Amino acid sequence: MSAYKLETAPFDPRFPNQNVTRYCYQSYIDFHRCQKKRGEDFAPCNYFQKVYKTMCPNAWVEKWDDQRESGTFPGRI
């Protein structure tokens with residue numbers, strides 16, 4: 001038996017119609033904003049990370065990470 005507990009992202013009332021793309025993108029931004037404002041060790045930020053890692057395709061996250069590192073990410077973090 002596995003020790004891992006599989007979960008999906010919880011319901012977010014900001015996205016009632018299950019717009020996965022918007023939910024994914026906003027969670028990615030919220031995670032990085034949270035870390036920027038509160039620091040990398042602030043545990044509540046991990047909620048947003050869990051959501052975007054669950055909802056977003058890996059290719060999107062890799063692209064956004066590259067854009068953030070190069071200073072070309074289009075969102076405000």
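No experiment lies behind these values; they were computed from the predicted model shown.
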Would you list the pairs meeting disulfide (SG to SG under 2.5 Å) in which at least one residue belongs to residues 36-77, sequence neighbours left out?
Cys24-Cys56, Cys34-Cys45

Hey, quick one: are Trp64 and Val20 part of the same hydrophobic cluster, counting side-chain heavy atoms closer than 4.5 Å, chains of contacts allowed?
yes

Distance col, row Gln67:CD vs Glu69:CD, nearest 0.5 angstrom, shows 11.0 Å

Parallel, tilted or perpendicular: which fits the ring planes of Tyr52 and Phe31, with parallel below 30° and perpendicular above 60°?
tilted

Between OH on residue Tyr23 and OG1 on residue Thr21, distance to nearest 0.5 Å:
13.5 Å

is_close_aromatic(Trp60, Tyr25), centroid dist under 6.0 Å:
no

Will you find, in the side chains of Asp65 and Tyr28, an N or O donor that is under 3.5 Å from an N or O acceptor?
yes

State the CD-NE2 distance between Gln49 and His32, to the nearest 0.5 angstrom.
7.5 Å

If two hydrophobic side chains count as joined below 4.5 Å and joins carry through other members, does Ile77 share a cluster with Phe42?
no

Treating Arg33 as the side-chain partner and Arg76 as the backbone partner, does any N or O pair qualify as donor plus acceptor under 3.5 Å?
yes

Side chains of Asn58 and Glu62: any donor to acceptor distance under 3.5 Å?
no

Please determine whether a side-chain nitrogen of the Lys or Arg among Lys63 and Asp66 lies less than 4.0 Å from a carboxylate oxygen of the Asp or Glu.
no

Output the distance between atom CD1 (Ile29) and atom NZ (Lys36), rounded to the nearest 0.5 Å.
12.0 Å

